[in-house]
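Quick notes on the structure that follows.
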Amino acid sequence: RAKENGRNSYQFYTEGMQDREVRRLELDKDLATALEQDQFVLHLQPQLDLNTMEVNSAEALIRWQHPQRGLIPPFEFIPLAEESGRITDIGRWVVMAACRQLAAWRDGPLSRMKIAINLSGRELDNEDLVDHIQRALTLFQVDASRLEVELTEEIFIQNIERNRNQLKRLHDLGVLLAIDDFGVGYSSLAYLRDFPVDLLKIDRSFITNITECPDDAIITRAVTNLAHNLGVKVVAEGVETEEQLEFLKNLNCDVVQGYLISRPVEATQLEILLRDNPRFVMASNP
Ligand code: C2E
Ligand code: MG
Ligand code: MG
Ligand code: MG
């Protein structure tokens, strides 16, 4: 059957690839004007603290509201922006947007919320990044401890000296640093020793089967204990069921994030969710 259809499947795949390439090129072109036309939006995904059962932080995940194509997820344009260098300006926008949101919450019931932003290696190439973050915090009068920065592994294995210096400056400001997607890739323990890390986010791939797969549970337990002994808090990514949440509670995991609590949503939706859902104790309640 494969032989029979060989020719057609081949054509199907090349057409698919061409379509994708065309879409890629068009998106890349449209990215040039996306910032000035204000087409990016940050969605926020709440993180539940298992010690207090409070939501007092949220991860900011960027989406591109494309005028013709609708909402585009980050995996479709972040890599393009990294190649073209536009990621620098996009990252600066993310920093400003997160600080603006924190400022908007400052005097209300969400005054104790933190926001975690994602930064890729290419963004740390920008020598001005730390200054930019400091300017944004000052401009919006936001306390640095309200901001978290999530970093993926490339930051710890490329340009190590420079990145360590950048991250130290950021940490000295009071910004919290998190290692994202821990457990995939090299996951070297040296990151925990050589960089000022506050949080470790265990990758979703370890959480998905944690209640059935003993190996995933053993790894998560060991990483959690190790992190705790080093004074690092543990966040579990991709929690989708109550069983996973209970399991992670028993492992002494600190924070859970995932569709069980909420998908990433617009800020106004998050505000409604936190106000209306009795499950969440408001962070500012006495
Ligand atoms: P990430 O930082 O590891 O973010 C977690 C991803 O998992 C998000 O995908 C989130 O929507 C998704 N997720 C959360 N909970 C669940 C769950 O329970 N189940 C499943 N299946 N998925 C879940 P998203 O929003 O598509 O973001 C993908 C990646 O794009 C992020 O991975 C991050 O690396 C990158 N990214 C997002 N926003 C930014 C940004 O502002 N700047 C940069 N440089 N990268 C960003
Ligand atoms: Mg992240
Ligand atoms: Mg992650
Ligand atoms: Mg990821």
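Fair warning: this is a prediction, and the values are worked out from it, not measured in the lab. We number each residue from 1, following the sequence as shown. Each ligand, and each atom within it, is numbered from 1 in the order the structure gives. Excluded from the calculations below are hydrogen atoms, water molecules and symmetry mates; all remaining heavy atoms, backbone and side chain alike, are included.
- Under a 4.0 Å criterion applied to the non-hydrogen atoms of G258, ligand 1 contributes the atoms 15 (N), 18 (O).
- Neither the backbone nor the side chain of I117 comes within contact range of ligand 1; no heavy atom lies under 4.0 Å.
- At a 4.0 Å cut-off, at least one heavy atom of E123 sits close enough to ligand 1 to count as contact.
- Between D143 and R106, no side-chain nitrogen of the basic residue sits less than 4.0 Å from a carboxylate oxygen of the acidic one, so the salt-bridge criterion is not met.
- Looking at E150, its N, O or S atom nearest to the Mg ion (ligand 2) turns out to be OE1.
- Inclusion of D181 in the first shell of the Mg ion (ligand 2) is not supported: no N, O or S atom falls under 2.8 Å.
- T33 and E36 share no side-chain donor-acceptor pair at under 3.5 Å.
- Contacts of H43 with ligand 1, taken as heavy-atom pairs under 4.0 Å, are absent altogether.
- Here E237 fails the criterion, with no N, O or S atom under 2.8 Å of the Mg ion (ligand 2).
- Between D89 and R86, none of the side-chain N atoms (NZ, or NE/NH1/NH2) sits under 4.0 Å from a carboxylate O, so this pair counts as no salt bridge.
- For N126 and H132, the side-chain atoms include no donor-acceptor pair closer than 3.5 Å.
- Not a single heavy atom of R122 sits under 4.0 Å from any atom of ligand 1.
- Taking 4.0 Å as the cut-off between side-chain N and carboxylate O, D181 and R204 do not count as a salt-bridged pair.
- Contacts of R204 with ligand 1, taken as heavy-atom pairs under 4.0 Å, involve the side chain alone.
- Within ligand 1, counting atoms from 1 as listed, the ones closer than 4.0 Å to a heavy atom of Q45 are 14 (C), 15 (N).
- A side-chain donor-acceptor contact under 3.5 Å links S57 and Q47.
- Judged by the shortest distance from any of its heavy atoms, E59 lies inside the 4.0 Å radius around the atoms of ligand 1.
- With 3.5 Å as the limit, one finds no donor-acceptor pair spanning the side chains of Y259 and Q45.
- Side-chain contact between V234 and V223: absent, with no pair of heavy atoms (C-beta onward) separated by less than 4.5 Å.
- Scanning F40, F75, Y259 for the heavy atom closest to atom 18 (O) of ligand 1 points to Y259.
- Legend: residues meeting side chain to side chain contact (heavy atoms under 4.5 Å, CB included) with R63, ordered by chain and number and at least two apart, are V41, H43, L61, L71, P74, P264.
- The shortest separation from a heavy atom of Q257 to ligand 1 is not under 4.0 Å, leaving the residue out of contact.
- For the Mg ion (ligand 2), the nearest N, O or S atom contributed by E59 is named OE2.
- Looking at residues two or more places apart in sequence or on another chain, you find a side chain to side chain contact (heavy atoms under 4.5 Å, CB included) between L226 and L189, L192, L230.
- Coordination check, N118 versus the Mg ion (ligand 2): passed, since an N/O/S atom of the residue sits under 2.8 Å.
- Remark: ligand 1 atoms within the under-4.0 Å shell around heavy atoms of E237 are 3 (O).
- Residue N118 holds the heavy atom nearest to atom 43 (C) of ligand 1 of all those in N118, I207, I261.
- Residue I62 places at least one N or O, backbone or side chain, under 3.5 Å from an N or O of ligand 1.
- When non-hydrogen atoms are compared, ligand 1 lies under 4.0 Å from the side chain of D181 (C-beta onward) but not from its backbone.
- Every atom of ligand 1 with a heavy atom of D180 under 4.0 Å away is listed here by number and element: 1 (P), 2 (O), 3 (O).
- Counting heavy atoms from C-beta outward, S262 and V265 have side chains that approach closer than 4.5 Å.
- Taking 4.0 Å as the cut-off between side-chain N and carboxylate O, K168 and D172 count as a salt-bridged pair.
- A salt bridge is defined here as a Lys NZ or Arg NE, NH1 or NH2 lying under 4.0 Å from an Asp or Glu carboxylate O, and R69 with E26 meets this definition.
- Judged by distance alone, the side chains of D30 and Q39 never bring a donor and an acceptor atom under 3.5 Å apart.
- Shown in contact with G238 at under 4.0 Å from a heavy atom are these atoms of ligand 1, numbered in order with element: 16 (C), 17 (C), 18 (O).
- Looking only at its N/O/S atoms, D180 has OD2 as the one nearest to the Mg ion (ligand 2).
- Only the side chain of V94 comes within contact range of ligand 1, with a heavy atom under 4.0 Å; no backbone atom does.
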